2 protein chains.
Amino acid sequence: MIKGNQGTEERIFEAAKNVFVKKGLNNSRMQEIAQEAGMNKALLHYYYRSKEKLFQAVFNSVMKRVIPPIAEMLEKEIPLFEKIEFIVDRYINSLISNPQIPVFFIQEIQRNPQQIVEIIKKYGIKPEVFFQQIENEIKAGNIIDIQPQQLIVNLLSLCVFPFAARPVVQGMIFENDKKKYDQFLFERKKEVSKFIINSIRKK
Amino acid sequence: MIKGNQGTEERIFEAAKNVFVKKGLNNSRMQEIAQEAGMNKALLHYYYRSKEKLFQAVFNSVMKRVIPPIAEMLEKEIPLFEKIEFIVDRYINSLISNPQIPVFFIQEIQRNPQQIVEIIKKYGIKPEVFFQQIENEIKAGNIIDIQPQQLIVNLLSLCVFPFAARPVVQGMIFENDKKKYDQFLFERKKEVSKFIINSIRKK
DNA sequence: TGTAATTTTGACCACTTGGTTAAACCTGTT
DNA sequence: AACAGGTTTAACCAAGTGGTCAAAATTACA
């Protein structure tokens, strides 16, 4: 049964996602989202009540798409070095496909930190499993002594930061050459895991 | 000669810096800045014409305080490993004193990327000097083969990201314990340089 | 086909915000 | 004391904002 509204709600949602992710909550206008969806502004309120509600819907959906794969990777039962290579490769790959996500997150983090933590935990990331694996490897003498927290933050930093700071880094050390920076990011899929493993492997 | 305005302009500037750095341009209100400075809103326009001009004044000042020390460190003529230790320690220290700066920058980066690159170059950061030093060490066989760009972005990532993502990381892996996270950041002053040098040192 | 229910629209509202202005207020000078 | 300069203020304005509403258009259904 095709209802009268042939995907109106979905069109609003997609338009909102585009605009919100690109500009963040405070720089996005309801009017702009309506235009992007090709309809009247009042419809956004008809379907989603308020800007805040619409934003929450978008934000939850983005989290739901981004977090579970990470959770799954962290808990996968494969050797540590393999796992690091796997996570870095997949994570950077997904950031290459969605390069605005880090800034979108960082902005929302400031606005509402606790909510994000709760969503992340809801979708199942339990860093303790990964921590345990790291500690086991340390005890087994396979990697150097390092705080698991330091290691995982290092991994995150190395993956995410180049996307958040792209405009400046690209301007400073890549003569603003977009292709060069894309290539740079592509190579990081291997470089970052090499860098990490090099650092923690026991000689 | 003490004029009638006993530092009014400076008080505006300080108030604006506080508010802008904490909330970013778009979430800051002129009224709020006026309140913080304890004066009438019209005075902000009397001294700085517009919100944008006031923001530029603040932004330039912050850049002027943050960039030159980095430029100086990058060009200092000391051995590479020492330099890495020096930069990481000083940089993280300065971020501990000004933890909102990374988010402030990342937000402004999106708004006006090219302007930032120009300011940075104006204040004298020339990464080429550092790149040359890295390439020399590679040729001399002291460190492994690595793209200088990858290395410097790794260094930046490891220093800056934990401040930008603090609320989430603190919530996820430090049970939202502020003191634990402060301690974590403090330890990174040594951990990050160890991590980097471990990775690039030739065995 | 006629009617009720739902969806869509344009006009509108209340409020916020950056910015302006004319008048009041110093403060130093004569 | 009176004047002249810059400084400070309260009141105001225009534009933009999220949100509302009644009427129009469309769809579902008897």
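Computed from a predicted model, the values in this text were never measured in an experiment. Because only heavy atoms are used, hydrogens play no part in the values below, and waters and symmetry mates are left out as well, while side chains stay in.
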| task | Round to a whole Å and report the spacing from CD of A/Gln31 to P of C/dG10. | result | 10 Å

| said: Around atom CD of A/Glu77, are there more than 12 heavy atoms from other residues, nucleotides or ligands closer than 6.0 Å? | reply: no

| Nearest-0.5 Å distance that lies between atom CD in A/Glu32 and atom NZ in A/Lys23 | 3.5 Å

| B/Glu9 CD to D/dG6 C1', straight-line distance once rounded to whole Å | 14 Å

| message | Using a 6.0 Å cut-off, check whether atom CD of B/Glu72 has over 12 heavy atoms from anything other than its own residue. | response | no

| Can you tell me how far P of C/dT21 sits from CZ of B/Arg49, to the nearest Å? | 10 Å

| remark: Which of A/Arg188, A/Lys190, A/Lys189 passes side chain to side chain contact (heavy atoms under 4.5 Å, CB included) with A/Phe186? It is A/Lys189

| request: Look at the side-chain N and O atoms of B/Thr8 and state whether any lies under 4.0 Å from the OP1 or OP2 oxygen of D/dT7. | output: no

| task | May I have the step-by-step check of side-chain contact (heavy atoms from CB on, under 4.5 Å) for B/Gln110 and A/Gln100, ending in yes or no? | result | CA-CA 10 Å; B/Gln110 316 305 317; A/Gln100 323 93 320; over 6 Å; no

| Contact under 4.0 Å: B/Tyr46 side-chain N or O vs D/dG6 OP1/OP2 | no

| request: Rounded to the nearest angstrom, tell me the gap between atom CG in A/Leu44 and atom C1' in D/dG19. | output: 11 Å

| note | A/Tyr48 atom OH is separated from D/dT20 atom P, nearest whole Å, by 17 Å

| remark: A/His45 has its side chain closest, among C/dG19, D/dG19, C/dT8, to D/dG19

| request: Give the rounded distance in Å between these two atoms: CG of A/Asn26 and C1' of D/dG16. | output: 15 Å

| said: Is there a side-chain contact (heavy atoms from CB on, under 4.5 Å) between A/Glu128 and B/Ile173? Walk through the geometry before answering. | reply: CA-CA 8 Å; A/Glu128 296 80 18; B/Ile173 65 183; over 6 Å; no

Nucleotide N/O of nucleotides 10-13 of chain D paired with protein N/O under 3.5 Å:
| unit_1 | atom_1 | unit_2 | atom_2 | d |
| --- | --- | --- | --- | --- |
| D/dA10 | OP2 | B/Asn40 | ND2 | 3.4 |
| D/dA10 | N7 | B/Asn40 | ND2 | 3.1 |

| said: Go through it in stages, so that I can follow the logic: the residues are A/Glu191 and A/Lys194, the test is salt bridge (charged side-chain N to carboxylate O under 4.0 Å, His left out), and I'd like the CA-CA distance, side-chain angles, deciding distance and then a yes or no. | reply: CA-CA 5 Å; A/Glu191 287 300 319; A/Lys194 259 169 55 186; 3.3 Å; yes

Hey, what are the protein-to-nucleotides 14-16 of chain C N/O distances that come in under 3.5 Å?
none

| remark: Of the candidates C/dT20, D/dT9, D/dT7, the side chain of B/Met39 sits closest to D/dT9

| field | Between P of C/dT17 and NZ of B/Lys51, the distance in whole Å | value | 9 Å

| request: Measure up the A/Phe59 and A/Phe104 rings against each other and bin them: parallel (under 30°), tilted (30 to 60°), perpendicular (over 60°). | output: tilted

| request: Just say parallel, tilted or perpendicular for the rings of A/Phe174 and A/Phe184, cut-offs at 30° and 60°. | output: tilted

| D/dG18 OP1/OP2 closer than 4.0 Å to side-chain N/O of A/Ser50 | no

| task | Whole angstrom is fine here: how far is it from CG in B/Leu43 over to P in D/dT7? | result | 10 Å

